[in-house]
Amino acid sequence: MQRLDRVSYFTILELTQEVRTIAEIYFAAIQIPEKARYDAYHLAYAAWHGVDFLVSWNCTHIANGRVIKIIENINTENAIRTPVICTKS
């Protein structure tokens, strides 16, 4: 219960059609396996809703240079700000 108390004030981000669209664009562009489709949604939620930082320990499908560059290019083309994607080192 302590964990839930600590995040209870967090804003719940809405799944909009724009988030779905951007996620599917990301998914196609970053060429990750079907089982990782939700990683594209994770990125899309953060970008579309203007989150400043996205923390991920998923260095395979999110927090790696190749994916970040692809996401930045897509977001620039669509006038969406890319969050800083961080991982614990």
Side-chain angles (χ1 to χ4, degrees):
M1 188 64 173
Q2 238 179 355
R3 289 181 190 164
L4 289 177
D5 290 340
R6 290 184 180 178
V7 299
S8 64
Y9 64 92
F10 285 12
T11 301
I12 297 173
L13 302 178
E14 182 180 358
L15 175 59
T16 64
Q17 185 55 50
E18 293 85 358
V19 170
R20 286 185 177 103
T21 299
I22 294 296
E24 293 304 320
I25 291 169
Y26 291 168
F27 180 73
I30 60 180
Q31 301 176 350
I32 56 178
E34 179 63 38
K35 69 180 183 175
R37 182 179 293 269
Y38 286 113
D39 293 337
Y41 276 79
H42 191 182
L43 291 161
Y45 267 105
W48 182 256
H49 287 289
V51 172
D52 293 323
F53 296 92
L54 174 61
V55 179
S56 177
W57 284 267
N58 181 342
C59 295
T60 302
H61 302 131
I62 294 178
N64 75 64
R66 181 187 71 82
V67 170
I68 292 169
K69 186 64 178 166
I70 291 168
I71 298 304
E72 287 174 343
N73 289 339
I74 291 168
N75 289 349
T76 297
E77 291 172 10
N78 290 282
I80 300 170
R81 188 171 56 85
T82 303
V84 175
I85 300 172
C86 323
T87 188
K88 183 179 178 187
S89 56

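From a predicted model like this one, the values you see are computed outputs, not experimental measurements. Hydrogens, waters and symmetry mates are skipped; everything else that's a heavy atom, side chains included, is used.
- In this structure, CD on Glu72 lies 13.0 Å from CD1 on Ile80, to the nearest 0.5 angstrom.
- If you take CD on Glu18 and OH on Tyr45, they are separated by 12.0 Å, rounding to the nearest 0.5 Å.
- Under the 4.5 Å side-chain heavy-atom criterion for Ile, Leu, Val, Met, Phe, Trp and Tyr, Val55 and Ile71 are members of distinct hydrophobic clusters.
- Here Phe10 is tied into one hydrophobic group with Val7, Tyr9, each link being a pair of ILVMFWY side chains closer than 4.5 Å.
- Between Ile74 atom CD1 and Ile30 atom CD1 the span is 7.5 Å, to the nearest 0.5 Å.
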Side chain to side chain contact (heavy atoms under 4.5 Å, CB included) between Leu43 and Ile85, intermediate numbers included:
CA-CA 9 Å; Leu43 291 161; Ile85 300 172; 3.8 Å; yes
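- Atoms CZ and NZ, from Arg37 and Lys35 in turn, are 14.5 Å apart once rounded to the nearest 0.5 Å.
- Here the straight-line distance linking atom CD1 of Ile25 with atom CG of Asn75 works out to 9.5 Å at 0.5 Å rounding.
- Across all their heavy atoms, Cys59 and Thr87 have their closest contact at SG-OG1, 3.9 Å.
- What you find for Val19 and Ala44 is that their closest heavy atoms are O-CB, 3.6 Å.
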Start with the C-alpha distance between Leu15 and Arg20, add both sets of side-chain angles, then the distance that settles side chain to side chain contact (heavy atoms under 4.5 Å, CB included), and finish with yes or no.
CA-CA 7 Å; Leu15 175 59; Arg20 286 185 177 103; 3.4 Å; yes
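- A distance of 4.5 Å separates CG of Asn78 from CD1 of Ile22, quoted to the nearest 0.5 Å.
- Across all their heavy atoms, Glu34 and Phe27 have their closest contact at OE1-CZ, 3.7 Å.
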Atom pairs and distances, side-chain donor-acceptor, residues 47-54, under 3.5 Å, sequence neighbours left out:
from	atom 1	to	atom 2	distance (Å)
His49	NE2	Glu14	O	2.7
Asp52	OD1	Arg81	NH1	3.4
Asp52	OD1	Arg81	NH2	3.2

